[in-house]
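Have a look at the structure below before the remarks.
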Amino acid sequence: MLEYFKTILAKVSFDKKLFEKELRKAIHSVIGEELEELKRWCYAKFGHLYGNVLKEQFLLAV
């Protein structure tokens, strides 16, 4: 499931609202260790573009 969401997030990264929507889905669909891996991957790949979105969504997930 994690790899699926990585693919989706990469494909929708051109649009902030769509990215945020898919990120929310991903956060609620993965569990445990996968959530931490998703978080690391997102910050590494999209932190420069959507740092605020990532911070907000991952804080809400806790």
Side-chain angles (χ1 to χ4, degrees):
M1 216 47 201
L2 179 61
E3 292 304 315
Y4 168 76
F5 282 114
K6 285 181 178 181
T7 302
I8 297 300
L9 289 168
K11 287 183 179 184
V12 299
S13 63
F14 66 91
D15 182 282
K16 183 180 178 182
K17 291 216 179 272
L18 191 53
F19 180 83
E20 188 171 5
K21 177 183 172 187
E22 292 301 327
L23 179 60
R24 267 195 304 272
K25 284 188 207 174
I27 288 171
H28 293 297
S29 297
V30 298
I31 54 171
E33 194 70 28
E34 284 188 336
L35 182 58
E36 282 304 312
E37 186 178 337
L38 177 66
K39 184 177 182 177
R40 285 190 300 272
W41 179 82
C42 282
Y43 273 101
K45 188 138 175 108
F46 305 110
H48 64 288
L49 285 174
Y50 300 128
N52 291 337
V53 171
L54 295 172
K55 183 178 179 183
E56 179 182 324
Q57 293 306 314
F58 282 108
L59 280 176
L60 290 174
V62 174

- Message: What I want to find out is whether E20 reaches K17 closely enough, with some N-O distance under 4.0 Å, to be called a salt bridge.
- Response: no
- Would you call E3 and K6 a salt bridge, using N to O less than 4.0 angstrom? yes
- Return the set of residues passing ring-ring contact (aromatic ring centres under 6.0 Å, His included) with F58 (not counting sequence neighbours), or none when no residue passes. none
- Are there more than 12 heavy atoms of other residues, nucleotides or ligands under 6.0 Å from atom CD1 of I31? no
- Task: Evaluate the criterion salt bridge (Lys or Arg N to Asp or Glu O under 4.0 Å) for residue pair E37 and R40; output intermediate values, then yes/no.
- Result: CA-CA 5 Å; E37 186 178 337; R40 285 190 300 272; 5.2 Å; no
- Message: How long is the straight-line distance from CG of L23 back to NZ of K21, given to the nearest 0.5 Å?
- Response: 13.0 Å
- Task: Would you name the heavy atoms of L35 and V30 that are closest together and state the gap between them?
- Result: CA-CG2, 3.8 Å
- Message: Please give me the minimum heavy-atom distance between C42 and L9, naming the atom from each residue.
- Response: SG-CD1, 4.0 Å
- Which distance, rounded to the nearest 0.5 Å, do you find between the NZ of K45 and the OG of S13? 7.5 Å
- L60/I27 under side chain to side chain contact (heavy atoms under 4.5 Å, CB included): CA gap, chis, key distance, verdict: CA-CA 10 Å; L60 290 174; I27 288 171; over 6 Å; no
- Hey, mind stepping through D15 and F19 against side chain to side chain contact (heavy atoms under 4.5 Å, CB included) and telling me if it holds? CA-CA 6 Å; D15 182 282; F19 180 83; over 6 Å; no
- Item | V53 to K16 - nearest heavy-atom pair and separation | CG2-CE, 3.4 Å
- Note on the structure: Smallest heavy-atom separation, F14 atom then Y50 atom, equals C-OH, 3.9 Å
- Note on the structure: In this structure, NZ of K39 is separated from CD of Q57 (nearest 0.5 Å) by 12.5 Å
- Message: For a quick test of reading the model, state the closest non-hydrogen atom pair linking F46 to A10 and the distance between them.
- Response: CZ-CA, 3.8 Å
